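Written below as structure tokens is the structure these notes are about.
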Amino acid sequence: MIASFLDVAPVFVVRSLDGQAALPGSMMSEDEYFRELPLGDAYLGIGANAARELCASRLRAAKVNMPPCIAPTAFVAKDAEIESGAVIGAGAVIGSRALIGRDTIVNTLSSVDHDCALGALSQVTVGVTFGGGVRVGANCFFGMKSGVLPNRIIGDNVQVMAGSLISTDVEPNVMMGGNPAQLVKRIA
């Protein structure tokens, strides 16, 4: 099963185990899916962190297996750790000893360098780069083509605007933007 990548009510698509065409009746609403609970693993790619967390919680409560989903064209170092429910997109690179937290999305062509740790329920959009040794808290968002210099620490609930460069540590619950990134606003 794959949940939609949209920021609306999830649509569940159930495919055969060989990855071929969708099964008859394979498009299900969220209510239909949880009523029927088809067999098989679940992979979530819901963009909104809160919606992804809610859906993942329901799946785990129903004892549905949520292994990491790694695109065939992604590179993941053998000693990297990818936690349950994480999604690694096409062309993404996950370096040596990196940790990708539960239900985190690392999107297309993003790079998480060696010894980085990304907290649970974060979203890394297209083309983001993390230098080595970066630590990211939970529930963070990184806009397209943003970057984080090596060995920076980023708190929980941080939003980084597209194209921004993080060159200092970042406190929790803030939005950062610019090059170099500066505080845009505090998030309640």
Side-chain angles (χ1 to χ4, degrees), residues 4-8 43-56 68-188:
S4 74
F5 282 77
L6 302 176
D7 212 5
V8 296
Y43 302 95
L44 292 179
I46 299 169
N49 290 352
R52 190 168 63 255
E53 179 178 29
L54 177 62
C55 193
C69 180
I70 302 171
T73 58
F75 172 80
V76 177
K78 289 181 182 179
D79 58 352
E81 182 179 346
I82 312 297
E83 293 186 348
S84 126
V87 175
I88 310 299
V93 175
I94 310 298
S96 186
R97 299 175 305 280
L99 168 66
I100 307 300
R102 175 185 53 80
D103 302 325
T104 288
I105 295 174
V106 178
N107 221 312
T108 306
L109 299 175
S110 289
S111 176
V112 180
D113 211 347
H114 65 89
D115 301 298
C116 287
L118 277 67
L121 286 162
S122 290
Q123 184 176 3
V124 176
T125 62
V126 176
V128 175
T129 301
F130 294 92
V134 170
R135 300 282 182 248
V136 174
N139 196 39
C140 292
F141 174 87
F142 293 86
M144 291 189 325
K145 298 195 176 201
S146 57
V148 182
L149 294 181
N151 302 310
R152 299 296 98 205
I153 298 172
I154 297 173
D156 294 340
N157 304 308
V158 170
Q159 297 175 3
V160 177
M161 297 171 69
S164 298
L165 178 64
I166 302 293
S167 59
T168 62
D169 291 350
V170 178
E171 65 183 291
N173 304 309
V174 296
M175 178 184 287
M176 302 291 288
N179 184 358
Q182 298 179 4
L183 177 67
V184 172
K185 69 178 184 178
R186 298 196 183 282
I187 302 169

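Remember, it's a predicted structure, so these values are computed and weren't measured experimentally.
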Please set out all donor-acceptor pairs under 3.5 angstrom arising from side-chain atoms of residues 175-183, sequence neighbours excluded.
none

Can you tell me how far apart [atom1] ([X]) and [atom2] ([Y]) are? Round to the nearest 0.5 Å.
| X | Y | atom1 | atom2 | value |
| --- | --- | --- | --- | --- |
| I70 | F75 | CD1 | CZ | 11.0 Å |
| L109 | K145 | CG | NZ | 8.5 Å |
| I88 | S110 | CD1 | OG | 9.5 Å |
| N151 | D169 | CG | CG | 9.5 Å |
| I82 | I94 | CD1 | CD1 | 5.0 Å |

If you compare all heavy atoms of [X] against all heavy atoms of [Y], which two are closest, and at what distance to 0.1 Å?
| X | Y | answer |
| --- | --- | --- |
| Y43 | P68 | CE2-O, 3.6 Å |
| G89 | A71 | C-CB, 3.6 Å |
| R186 | V174 | NH1-CG1, 3.7 Å |

Tell me whether [X] contacts the main-chain N or O of [Y] through its side chain, where contact means a donor paired with an acceptor under 3.5 Å.
| X | Y | answer |
| --- | --- | --- |
| R52 | D103 | yes |
| D113 | G95 | no |
| N173 | A188 | no |

Once side chain to side chain donor-acceptor pair (under 3.5 Å) is applied, do any residues pair with N107, and if so which ones, sequence neighbours excluded? none

Pairwise side-chain contact, [X] with [Y], heavy-atom cut-off 4.5 Å (strictly under):
| X | Y | answer |
| --- | --- | --- |
| I187 | N157 | no |
| L165 | L149 | yes |
| E83 | L99 | yes |

Atom pairs and distances, side-chain donor-acceptor, residues 118-136, under 3.5 Å, sequence neighbours left out:
unit_1, atom_1, unit_2, atom_2, d
S122, OG, G137, O, 3.4
S122, OG, N139, N, 3.4
S122, OG, C140, N, 3.0
T125, OG1, F142, O, 2.6
T125, OG1, G143, O, 3.4
T125, OG1, M144, N, 2.7
R135, NH1, D115, O, 2.5

